[in-house]
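Comments concern the structure below.
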Amino acid sequence: MKYKAPRGTRDILPEDSWKWRRVETAFRETADGFGYREIRVPIFEETDLFARGIGDSTDIVRKEMYTFEDRKGRSLTLRPEGTAGVVRSFIEHSMGRGGRLTKVHYFGPMFRYERPQAGRYRQFWQWGLEAIGSTNPAVDAEIIHFSISLHDRLGLTGAEARINSAGCPTCTPAYNELLRKELAPKLDGFCSDCRVRYERNPRRMFDCKNETCLAILASAPSILSSLCEECASHFEQVKALLGGAKLKFTIDESMARGLDYYTKTIFEVHHPGLGAQSALCGGGRYDELVEELGGDATPACGVSGGVDRLIIVLEEQGLFDEEEPGPDVYVATVGDEAEALGAALVARLRGDRSVETDYRGRSLKAQMKEAGKLRARVCVIVGEDELARGVAVVRDMETRGQDDVPLDDVPAAVGRLLERAEG
Ligand code: AMP
């Protein structure tokens, strides 16, 4: 075969796309319930936005961006994550005017040049939320609450939040020094990437995917004992709010996020079904980013989650076992005259319902077989005999009960059957 989907990308075929729609709908409904309005931002932005926003020392910026020049020589990058673009839009449209709190959600593809493996792709989908304009720890708790609620809504039990703090520019310089001092004698045991991270930003070492590095880091000092008063108090308040809301969480002192912009609270929601790639979503506070990207100093907090991985877990947990929803109605006809009448019926029914029909002039038996395979809930049959009597057979595919119905009354009869089935 000549063409294939590029490495790390894949097609989401019709037999799977309904699962994606179910997740997207659950996400949008949960976001509406929490008061996050939708924002749609471009899929590519100026390269510099990501380099500054995500941080030069991160793996994303150093190794994973899809960067290209357009025909005028501008450097553009396919978005590797959603926050930088949303913050750019927030600043560009002065959304924070009058000290407003801006709450937005997004859903769409992201691009990272990573080594493809189970649950890791080069084009993958993320859902995300951003709340820009408040330092209140209740916002952090709300976003963690959202992350758990979304998974609950999809029927996924056992998701658990892990939280930590990333500190702030007041407390992290001292912590970086402490880390460097503690890790200096062990530096030879780290991978070459970690040795670069050690020089540039030692906290990034926690983000390494290498087991040997992680084992050495297990005994490194925790950031939680180096937090300044403000960060420590913020962390205590987040914990108290989560406890008050009866949300399950654990403290994970070695958690670091792969993006430099985080300050104070950072968190991930994990599911045991995911193994090594167990994070379903992750986020935290980013109080410096808006100013870093050229806006007024504005505190913010957000989260993003991987849809590809979420779907893998939902499949594994059997939460898609009920099959793809079928059409409401299948219209089967026999003979040219009935086919023309059937076409008119299809058009009338399609106003309110999903309707399938055969376009291949096949036998009634083949059409009924197809109606069953598609799991249509009601079948409308017009054969020569029905045509002569001015009726159609309306059949309930579940109970197998059927009636002759005058042609004009078919839509109402179908409606009654479907309402009963939905009832
Ligand atoms: P991040 O933006 O790195 O914080 O990632 C947020 C979430 O996106 C992760 O928890 C994953 O579920 C998902 N994710 C990140 N990278 C990938 C990838 N290459 N393929 C699939 N999902 C990903």
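One-based numbering along the sequence shown. Predicted model only: the values in this text are computed from it and were never measured.
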**OP:** Evaluate the criterion salt bridge (charged side-chain N to carboxylate O under 4.0 Å, His left out) for residue pair Arg180 and Glu177; output intermediate values, then yes/no.
**Re:** CA-CA 5 Å; Arg180 282 203 185 95; Glu177 275 326 298; 2.8 Å; yes
Original post:
Does a side-chain heavy-atom distance below 4.5 Å link Pro221 with Ser226?
Top reply: no
**OP:** Given salt bridge (charged side-chain N to carboxylate O under 4.0 Å, His left out), test Glu114 with Arg120 step by step and report yes or no.
**Re:** CA-CA 8 Å; Glu114 290 191 89; Arg120 193 191 291 278; 2.5 Å; yes
Original post:
Between Ala256 and Phe206, which heavy-atom pair has the shortest distance, and what is it?
Top reply: CB-CB, 3.5 Å
Original post:
Is there side-chain contact between Ser304 and Cys281, with heavy atoms separated by less than 4.5 Å?
Top reply: no
Original post:
Would you call Arg79 and Glu45 a salt bridge, taking side-chain N to carboxylate O under 4.0 Å as the test?
Top reply: no
**OP:** Would you check if Pro80 and Glu64 make a side-chain contact, meaning some heavy-atom pair closer than 4.5 Å?
**Re:** no
Subject >> Arg360 and Glu370: CA distance, side-chain angles, deciding distance, salt bridge (charged side-chain N to carboxylate O under 4.0 Å, His left out) verdict >> reply: CA-CA 12 Å; Arg360 288 160 291 176; Glu370 171 152 279; 3.3 Å; yes
Subject >> 4.5 Å side-chain heavy-atom contact, Leu319 and Leu154 >> reply: no
Subject >> Side-chain touch Leu280/His270, heavy atoms, less than 4.5 angstrom >> reply: no
**OP:** Assess whether atom CD of Glu398 is packed by more than 12 heavy atoms of other residues, nucleotides or ligands within 6.0 Å.
**Re:** no
Subject >> Phe68 side chain reached by Leu76 side chain, heavy atoms, under 4.5 Å >> reply: yes
**OP:** May I ask you to decide whether Lys63 forms a salt bridge with Asp193, counting only side-chain N to carboxylate O separations under 4.0 Å?
**Re:** yes
**OP:** Kindly write out the residues that satisfy side chain to side chain contact (heavy atoms under 4.5 Å, CB included) with Pro327, not counting sequence neighbours, or none if the list is empty.
**Re:** Ser354, Glu356, Leu374, Ala376
**OP:** Kindly check if the number of other-residue, nucleotide or ligand heavy atoms within 6.0 Å of CD (Glu230) is above 12?
**Re:** no
Subject >> Carboxylate-amine/guanidinium contact Glu292 Arg52, below 4.0 Å >> reply: yes
Original post:
Considering residues, nucleotides and ligands other than Glu46, do more than 12 of their heavy atoms fall under 6.0 Å from its CD?
Top reply: no
Original post:
Does some side-chain heavy atom of Ile223 sit less than 4.5 Å from a side-chain heavy atom of Arg203?
Top reply: yes
Subject >> Short N-O contact, Glu69 and Arg74, less than 4.0 angstrom >> reply: no
Original post:
How many angstroms lie between CZ in Arg22 and CD1 in Ile311, if you round to the nearest 0.5 Å?
Top reply: 10.5 Å
Original post:
Taking NZ, NE, NH1 and NH2 as the nitrogens, is one of them in Arg197 or Asp59 under 4.0 Å from a carboxylate oxygen of the other?
Top reply: yes
**OP:** Measure the CG-CG distance between Leu217 and Leu183 for me, rounded to the nearest 0.5 Å.
**Re:** 6.0 Å
Original post:
Taking NZ, NE, NH1 and NH2 as the nitrogens, is one of them in Arg162 or Glu253 under 4.0 Å from a carboxylate oxygen of the other?
Top reply: no
Original post:
Do Glu229 and Ser233 have side-chain atoms, one donor and one acceptor, less than 3.5 Å apart?
Top reply: no
**OP:** Answer yes or no: is there a donor N or O on one side and an acceptor on the other, between the side chain of Thr58 and the main chain of Val61, under 3.5 Å?
**Re:** yes
Original post:
Looking only at heavy atoms, what is the nearest atom pair of Met255 and Asn164, with distance?
Top reply: O-ND2, 3.0 Å
Original post:
Quick one: salt bridge (Lys or Arg N to Asp or Glu O under 4.0 Å) partners of Asp11, sequence neighbours excluded?
Top reply: none
Original post:
With sequence neighbours excluded, what pairs up with Asp409 under the side chain to side chain contact (heavy atoms under 4.5 Å, CB included) test?
Top reply: Val405, Pro406
Subject >> Sole candidate of Asp70, Asp48, Thr47 that passes side-chain hydrogen bond (donor to acceptor under 3.5 Å, both in side chains) when paired with Ser75 >> reply: Thr47
Subject >> Tyr113: partners by ring-ring contact (aromatic ring centres under 6.0 Å, His included), with sequence neighbours left out >> reply: Tyr66
**OP:** Using a strict cut-off of less than 4.0 Å between a Lys/Arg side-chain nitrogen and an Asp/Glu carboxylate oxygen, indicate whether Lys239 and Glu236 qualify as a salt bridge.
**Re:** yes
Original post:
Does atom CD of Glu15 have more than 12 heavy-atom neighbours from other groups under 6.0 Å away?
Top reply: yes
Subject >> Six-ring centre of Tyr121, Arg10 cation under 6.0 angstrom, axis tolerance 45° >> reply: yes
**OP:** Could you please spell out the steps behind the salt bridge (charged side-chain N to carboxylate O under 4.0 Å, His left out) verdict for Glu199 and Arg195?
**Re:** CA-CA 7 Å; Glu199 296 300 334; Arg195 290 201 293 268; over 6 Å; no
Original post:
Regarding Asn210 and Thr212, is there a side-chain donor-to-acceptor distance under 3.5 Å anywhere?
Top reply: yes
Subject >> Atom pair OH (Tyr198) and CG (Asn176), whose distance is rounded to the nearest 0.5 Å >> reply: 10.5 Å
Subject >> Residue pair Phe111 / Met65, side-chain heavy-atom distance below 4.5 Å >> reply: no
Residues 90-98 side chain polar contacts: donor-acceptor under 3.5 Å, at least two apart:
from, atom 1, to, atom 2, distance (Å)
Glu92, OE1, Arg88, NH1, 2.9
Arg97, NH1, Ser94, O, 3.3

**OP:** Tell me, please, which residues at least two apart from Phe34 pass ring-ring contact (aromatic ring centres under 6.0 Å, His included).
**Re:** His145, Phe146
Subject >> Between Trp127 and Phe107, ring centroids under 6.0 Å >> reply: no
Original post:
Under 6.0 Å from the CZ atom of Arg350, do we count more than 12 heavy atoms belonging to anything else shown?
Top reply: yes
